[in-house]
Amino acid sequence: MIRPTQVPMREQDPKARIHNFDEVPLGYTPDEALEEAARCLQCKNAPCVKGCPVNVDIPKFIREIREGDFRGAIATIKETNNLPAICGRVCPQETQCQAPCTLGRRFEPVAIGRLERFVADWEYANGVGVPRVGDPTGFRVAVIGSGPAGLTCAADLRRLGHAVTVFEALHEPGGVLMYGIPEFRLPKRIVGAEIEGLHRMGVEIQVNVVVGRTLTIDELLADGYAAAFVGTGAGLPKFLGVAGENLIGIYSANEFLTRVNLMRAYLFPEYDTPVKIGRTVAVVGGGNVAMDAARTALRLGAERVMILYRRTEAEMPARAEEVHHAKEEGIEFHTLVNPVRFLGENGRVVGVECIRMELGEPDESGRRRPVPVAGSNFVLPVDTAVIAIGNDPHPLIPRTTPGLQVAREGTIVADEDGCTSREDVFAGGDIVTGAATVISAMGAGKRAAHAIHRYLATGRSGRKPGPPIAVA
Amino acid sequence: MDKRALGPGVVEFTVAAPLIARKARAGQFVVVRAHERGERIPLTLADWDSERGTITLVVQEVGKSTRELGEEFAVGDAIRDVAGPLGTPSEIMAYGTVVCVGGGVGIAPIYPIARALHDAGNEVIAIAGARTKELLFWLDRLGQVSDQLIVTTDDGSFGRRGLVTEPLREILASRKVDHVWAIGPAIMMKFCTQVCRELGVPITVSLNSIMIDGTGMCGGCRVEVEGQARFACVDGPEFPGDLVNWDLLLARLGTFKDEERCALERYLAAKEVAR
Ligand SMILES: Cc1cc2nc3c(=O)[nH]c(=O)nc-3n(C[C@H](O)[C@H](O)[C@H](O)COP(=O)(O)OP(=O)(O)OC[C@H]3O[C@@H](n4cnc5c(N)ncnc54)[C@H](O)[C@@H]3O)c2cc1C
Ligand SMILES: Cc1cc2nc3c(=O)[nH]c(=O)nc-3n(C[C@H](O)[C@H](O)[C@H](O)COP(=O)(O)OP(=O)(O)OC[C@H]3O[C@@H](n4cnc5c(N)ncnc54)[C@H](O)[C@@H]3O)c2cc1C
Ligand code: FES
C-alpha cells in the first residue's frame with residue numbers, strides 16, 4: 001500500500017515563528033525520509049528527471065535513501081547539482097520535478113525537494129568531503145558575481161584544475177542567497193558552508209570589487225585571466241512609477257531585504273543598520289520576493305501585512321509553499337488590485353490608493369492580462385510599503401565591456417553554454433535570462449564552466465549561432 | 001591606515017586601497033564598513049595617490065558610524081570593507097570660469113573637483129565656509145588649485161562673517177561665471193541653487209542621500225531630478241542643482257532619525273561604562 005500523502009515535514013508553529021527569524025520547516029528525520037522515499041515508484045522513464053532543470057538522477061538518489069546509503073544519495077545529486085541544501089529549500093519543485101511525478105496523477109507527488117534537503121543536511125551533519133581538484137592547468141579564470149551562477153561556475157572550473165578568482169561587489173559573497181532570501185527560509189550558515197567549501201577547494205574570493213568600476217573585464221583579461229564568467233544577476237529594482245513612490249516608508253524589496261538580511265537590521269541596534277517598520281505594511285507583488293518581504297515585515301513587528309497583487313492567486317509566481325506559509329502566518333492576500341498612487345503626510349506614506357483589476361486576454365507570458373476596472377479606486381491606510389515587482393539586469397558590466405552584445409531588456413546575449421559575442425567572456429544566470437531561479441542560475445554556471453574549459457583547451461568558445469539579435 | 005584630526009569632530013584618513021586609488025576620479029566616492037557589525041556608509045574620495053596606492057577620506061562625526069571611525073580607529077587599524085570608486089565622475093571640461101563652493105566637511109570633496117577643473121584650464125574661484133574657524137581645513141590645498149579663495153565663517157572667527165551664499169551671490173552678480181559646483185549640507189546646496197537660479201548660472205551639486213550598497217541595487221538612495229526618480233549612487237551623486245527636488249531629499253535624509261539617535265546614545269553609554 002502506497003501512502004497517498006507526503007510525509008509532512010515538521011515546522012515551527014506559525015504563532016511562534018512570526019516572532020523569530022529561525023528556519024520554518026525543520027527537516028525530515030531519517031525515519032521520515034525512509035518513509036517518504038518508500039513512496040517513489042522508481043519509474044523507468046523517470047518523468048521527474050526531465051522536470052529538473054539540471055536533470056538530477058532522482059530515482060537513483062531516492063533508491064539510495066531507501067537503502068540507507070545517504071552518502072551515495074548526496075553524491076548522486078551532486079553529480080549535477082552543486083547546491084542541494086539550497087535547492088532543496090528554495091526550488092519551485094511543484095512546477096519542476098514534482099509536477100510530472102507519476103504518483104502525482106492519483107496521489108500527492110513524492111516530496112523530492114524534502115528528500116533532497118534531507119540528504120544535503122545529513123551530509124553537513126556528517127562531514128562534507130572536499131571535492132577533488134584537477135591537476136593545475138596553468139589557466140586563471142575570473143568569475144564576476146558570487147550568486148548561485150558564479151559559485152557553481154567557480155567550483156566546476158576549480159574541479160577542472162583552473163585557478164579561479166571570484167570578484168564580488170558586496171562585502172559578503174552569495175548574491176541573492178545572502179542579501180535577498182531571508183534567514184527563516186535559507187539559513188545563512190548554509191550559504192556560508194558552500195562558500196567555505198569553495199575556499200577549501202582553493203577558490204579565491206575577492207569581495208568589495210565592483211567590476212566595471214574598481215576593475216574592468218578587459219583589465220582582468222590583460223592582467224593574466226584567460227577568460228571571464230559574468231554572473232552578476234538581475235539586481236536593479238523596478239519601481240511602479242506612480243506618484244508618491246519616493247515618500248518615506250516606501251522601500252524597494254531589495255533595500256528592505258538587504259537591510260534585514262545582509263546588514264542584519266533585525267538585530268539593530270546590535271548591528272548598526274536600521275530598518276523602520278510601521279504597523280500596517282503593504283507589499284506590492286506576487287513572487288517569492290513579495291512573500292519574503294511580507295513575512296519579514298511580520299517578523300519585524302508589523303501588525304497587519306497585506307500582499308497587493310494585480311492578478312489572481314493562480315497566477316502568482318511564488319512557490320506554493322511560500323504562499324501557504326504566508327497565509328498560515330496571517331498575511332492578507334489582496335488580489336486583483338493595483339496601486340495607482342501613494343498618499344503622504346509630512347513626507348511619510350500614510351496610504352495607498354488602489355484600483356481593482358479584472359483578467360482580460362492572455363498576454364505574451366500566456367497569463368491573462370489584468371485590466372483596471374474604471375472607477376473602482378479605494379484607499380488602504382498603510383505606513384510602510386515594499387515594492388516587490390521584479391528586478392532588471394544591472395547595466396554596469398554591459399556598459400563597461402566593449403563588444404559584449406546586450407539585448408533590449410538589458411540582459412547579456414548568450415547561448416545555453418554561456419558563450420557571448422566575445423570569445424573570452426561567458427555569462428549565465430539572471431544576467432542572461434532576467435530574474436529566474438536559483439537552479440537555473442546554477443545550471444548555467446555549470447554549463448559555462450565546461451564551455452570555458454573547452455575554450456581554454458581549443459582557443460574557441462564554440463558559440464552556437466543563434467537567430468539574429470536585436471541589440472539595444 | 002593613517003589618521004589626522006583636522007578640527008573638532010573632523011578627521012582625515014589615509015587608507016591603503018590600491019585598486020581604488022588607481023581608478024579614482026573627482027566626484028566619486030567609496031562605501032565603507034568599519035567593522036563586522038557596522039553599516040555601509042558612503043564617503044567621498046577627497047584625494048588619492050595612485051603611486052602609493054592610498055585614498056584620503058575626510059569624515060565629519062555626526063552619528064554612531066562616523067564617531068566610531070573618528071574615535072575608535074587609530075593609525076595602523078584596518079577598516080573592514082572599502083568598495084569603490086563608485087558614482088559617476090564629475091563632468092570636467094573647459095567651462096571658463098567656475099566657482100567651487102565647499103561647505104563644512106564639503107571642503108574635502110570639492111578639493112579634487114577644483115583641482116581637476118583647474119587642470120582643465122578653468123579659472124577657479126573657491127569659496128570655503130564653516131561654522132567657525134576650528135572647522136576649516138585644507139585651505140592651503142584649496143588655495144593651490146584656485147585662482148581666488150574666499151573663506152567664510154558663520155561666526156566671523158575667520159575670513160568673512162556669514163554664509164557661503166553671500167560671496168557666491170556677489171561674484172555671480174558682478175562678473176561672468178560659467179558654472180558653479182557646490183558640495184556641503186543639503187540645505188546649503190539648496191540655497192546655492194536658489195542663488196544660481198536667480199542669477200542664471202548652471203550649478204552642479206553632490207547629493208548625499210542615504211545609501212546602502214552604493215552600486216544601484218537597492219534604490220534607497222533615490223532622489224527626484226526633473227520629476228524623475230534617479231539613483232544617486234550610480235546616476236549621480238552629482239546632478240544639476242536646479243532640477244533637484246530638495247524638499248524630498250531633505251525629508252528622506254530624516255528617514256531613520258529615531259534609530260540614529262538610539263544608536264548614538266547606546267554607543268555613548270557603552271563608552272561611558274567602559275570608562
Ligand atoms: C528575495 C528573493 C527571493 C527569491 N526566492 C527564490 C526562490 O525561492 N527560489 C528560486 O529558485 N529563486 C528565488 N529567487 C531568484 C534567485 O535568487 C535568482 O534567480 C538567483 O539568485 C540568480 O542567481 P545569479 O547567480 O544569476 O545572480 P545573483 O544571485 O543575483 O548574484 C549576483 C551577484 O553578482 C554581484 N554583482 C553584481 N554586479 C557586480 C559587479 N559589477 N561586480 C561584481 N559583482 C557584481 C551581486 O552583488 C551579487 O552578489 C529569489 C530572488 C529574490 C530577490
Ligand atoms: C555620496 C556621499 C558622499 C558622502 N561623503 C561624505 C564625506 O566625504 N565625509 C563625510 O563626513 N560624510 C560624507 N557623507 C555623509 C555620510 O555618509 C554620513 O554622514 C554618514 O553615513 C552618517 O553615519 P552616522 O552613523 O555617523 O550618522 P547617523 O546618525 O546614522 O546619521 C546622521 C545623518 O547622516 C545621514 N546618513 C545616515 N546614514 C547614511 C548612509 N548610510 N548614507 C548616507 N547618509 C547617511 C542621514 O541624513 C542622517 O540623518 C556622504 C554621503 C553621501 C551620500
Ligand atoms: S545605494 Fe542602493 S541603489 Fe544607491
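Letters A, B, ... are given to chains in the order of the sequence lines, protein chains preceding strands, and every chain is numbered from 1. Just so you know, these numbers come straight off a predicted model, no measurement behind them.
- Taking chain B as the reference chain and counting heavy-atom pairs below 4.5 Å, the highest number among A:Leu262, A:Leu257, A:Asn346, A:Ile250 is found for A:Ile250.
- Contacts between B:Leu264 and chain A at a heavy-atom distance below 4.5 Å are absent for every atom of the residue.
- For A:Leu396, no part lies under 4.5 angstrom from a heavy atom of chain B.
- The number of heavy atoms from other shown groups lying within 6.0 Å of CD (B:Glu72) is above 12.
- A:Glu255 CD to B:Asp213 CG: the interatomic distance, rounded to the nearest 0.5 Å, is 9.0 Å.
- Using a cutoff of 4.0 Å between basic side-chain nitrogens and carboxylate oxygens, A:Glu270 and B:Arg266 are scored as salt-bridged.
- There is no contact between A:Thr232 and chain B, counting heavy-atom distances below 4.5 Å.
- Contact annotation for B:Tyr267: neither backbone nor side-chain heavy atoms come within less than 4.5 Å of a heavy atom of chain A.
- For chain B, the nearby part of A:His394 is the side chain; its heavy atoms alone come within less than 4.5 Å.
- Residue A:Thr258 touches chain B through its side chain alone, counting heavy-atom pairs closer than 4.5 Å.
- With a threshold of 4.5 angstrom between heavy atoms, A:Arg213 approaches chain B through its backbone and through its side chain.
- At distances below 3.5 Å, not a single donor-acceptor pair connects side-chain atoms of B:Arg37 with backbone N or O atoms of A:Pro269.
- With a 4.5 angstrom heavy-atom cutoff, B:Ile41 does not touch chain A via any of its atoms.
- For B:Arg40, the parts lying under 4.5 angstrom from a heavy atom of chain A are both the backbone and the side chain.
- Once rounded to the nearest 0.5 Å, the distance linking CD of B:Glu39 with CZ of A:Arg264 reads 15.0 Å.
- Ranked by heavy-atom pairs under 4.5 Å with chain A, the first of B:Ala263, B:Ala24, B:Gly38 is B:Gly38.
- When each of A:Thr214, A:Val209, A:Asn246 is checked for heavy-atom pairs under 4.5 Å with chain B, A:Asn246 comes out on top.
- No other option in B:Cys262, B:Gly219, B:Gly87 has as many heavy-atom pairs under 4.5 Å with chain A as B:Gly87.
- Contact check for A:Asn208 versus B:Val82: no side-chain heavy atoms found under the 4.5 Å cut-off.
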Residue pair A:Glu172, B:Asp81: steps toward the side chain to side chain contact (heavy atoms under 4.5 Å, CB included) verdict | CA-CA 10 Å; A:Glu172 271 184 41; B:Asp81 300 294; over 6 Å; no
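- Of the listed residues (A:Arg348, A:Glu245, A:Arg259), the greatest number of heavy-atom pairs within a distance under 4.5 Å of chain B belongs to A:Arg259.
- Residues B:Arg33 and A:Leu170 form no side-chain contact, since every pair of their non-hydrogen atoms from C-beta on lies 4.5 Å or further apart.
- The environment of CZ in B:Arg25 is sparse: at most 12 heavy-atom neighbours from other residues, nucleotides or ligands sit within 6.0 Å.
- The number of heavy-atom neighbours closer than 6.0 Å to NZ of B:Lys257, taken from other residues, nucleotides and ligands shown, is 12 or below.
- Neither the backbone nor the side chain of A:Phe256 has a heavy atom closer than 4.5 Å to any heavy atom of chain B.
- Between the CG atom in B:Leu248 and the CD1 atom in A:Ile248 there is a gap of 8.0 Å [rounded to 0.5 Å].
- B:Val30 does not touch chain A: none of its heavy atoms, backbone or side chain, sits under 4.5 Å away.
- At a 4.5 Å heavy-atom cutoff, the contact between B:Arg222 and chain A is made by side-chain atoms alone.
- With chain B as partner, the option from A:Gly235, A:Ala253, A:Gly241, A:Gly347 having the largest number of non-hydrogen pairs under 4.5 angstrom is A:Gly235.
- Between chain A and the residues B:Leu250, B:Ile20, B:Val234, B:Ile212, the largest count of heavy-atom pairs under 4.5 Å involves B:Ile212.
- Between B:Lys64 and A:Asp272, at least one side-chain nitrogen of the basic residue sits less than 4.0 Å from a carboxylate oxygen of the acidic one, meeting the salt-bridge criterion.
- Residue B:Gln228 qualifies as open at atom CD: its count of foreign heavy atoms under 6.0 Å is 12 or below.
- Between B:Phe231 and A:Pro237 the shortest side-chain heavy-atom distance falls below 4.5 Å.
- Within the 4.5 angstrom heavy-atom criterion, only side-chain atoms of A:Glu219, from C-beta onward, approach chain B.
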